[in-house]
Amino acid sequence: MSESQERGAGRVVLLLSGLVIVGIPLVAYLWETLNQVLAGHLSARRVLLSLPLLAAFAGLLWAGGRGLERLAAPPPDRPGDPNLAGTLFLVALLLMLIFGGWLTGYALLLRR
């Protein structure tokens with residue numbers, strides 16, 4: 001692997017790590033707010049705080065997607081080279097399989 005590919009892979013790992021570290025608390029808060037609203041426990045303060053957090057989460061997803069799109073694009077000097085597109089696909093597939101396995105295990109534990 002060349003030095004530029006290693007730097008690109010490192011950037012992907014850093015970007016995905018940042019998305020997960022920042023995104024998990026946002027998702028957790030928004031999910032709990034949605035649960036409380038659907039349960040009928042409306043708190044104006046919580047709902048008003050959730051609106052900017054929802055906008056921040058949408059912005060985080062947009063910026064993360066744009067960053068991944070830039071990293072997956074072929075370099076300008078070699079337009080036929082997919083650079084990191086295959087790696088991103090495999091990482092996303094692996095994460096979906098891990099998450100699916102976790103959800104299956106969690107559902108099986110809840111049935112007991």
Side-chain angles (χ1 to χ4, degrees):
M1 198 181 329
S2 72
E3 183 180 330
S4 65
Q5 288 176 333
E6 287 178 7
R7 279 187 298 178
R11 287 180 185 157
V12 169
V13 169
L14 285 174
L15 181 63
L16 290 176
S17 300
L19 286 172
V20 168
I21 290 170
V22 175
I24 284 178
L26 287 173
V27 169
Y29 187 84
L30 293 170
W31 190 267
E32 181 60 27
T33 301
L34 181 64
N35 283 336
Q36 288 185 11
V37 167
L38 291 176
H41 304 292
L42 292 175
S43 168
R45 182 176 166 214
R46 185 173 188 99
V47 172
L48 287 176
L49 182 60
S50 295
L51 294 176
L53 289 178
L54 182 62
F57 182 63
L60 178 72
L61 290 178
W62 179 80
R66 295 284 297 167
L68 288 174
E69 183 181 16
R70 264 193 310 270
L71 288 172
D77 55 340
R78 296 182 313 230
D81 185 16
N83 198 12
L84 292 172
T87 305
L88 288 174
F89 173 76
L90 291 176
V91 167
L93 181 64
L94 180 64
L95 289 173
M96 286 189 301
L97 289 174
I98 290 171
F99 186 66
W102 177 81
L103 280 177
T104 303
Y106 187 69
L108 290 174
L109 285 175
L110 286 177
R111 285 189 65 193
R112 291 183 178 195

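Note that these values count all heavy atoms, side chains included, but never hydrogens, waters or copies made by symmetry. Keep in mind it's a predicted model, so treat the numbers as computed, not measured.
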Please report the interatomic distance [atom1]([X]) to [atom2]([Y]), rounded to the nearest 0.5 Å.
| X | Y | atom1 | atom2 | answer |
| --- | --- | --- | --- | --- |
| Y29 | L34 | OH | CG | 12.5 Å |
| L53 | R46 | CG | CZ | 9.5 Å |
| L51 | T33 | CG | OG1 | 9.5 Å |
| E32 | Q36 | CD | CD | 4.5 Å |
| L42 | R45 | CG | CZ | 15.5 Å |

Same apolar cluster: [X] and [Y], side chain cutoff 4.5 Å:
| X | Y | value |
| --- | --- | --- |
| L26 | V20 | no |
| V47 | L30 | no |
| L61 | V12 | yes |

Tightest non-hydrogen contact, residues G23 and F57, listed as O-CE1, 4.2 Å

Shortest non-hydrogen contact from P25 to V22? CD-O, 3.4 Å

Criterion side chain to side chain contact (heavy atoms under 4.5 Å, CB included) on L68 and L16, from CA distance to verdict: CA-CA 9 Å; L68 288 174; L16 290 176; 3.9 Å; yes

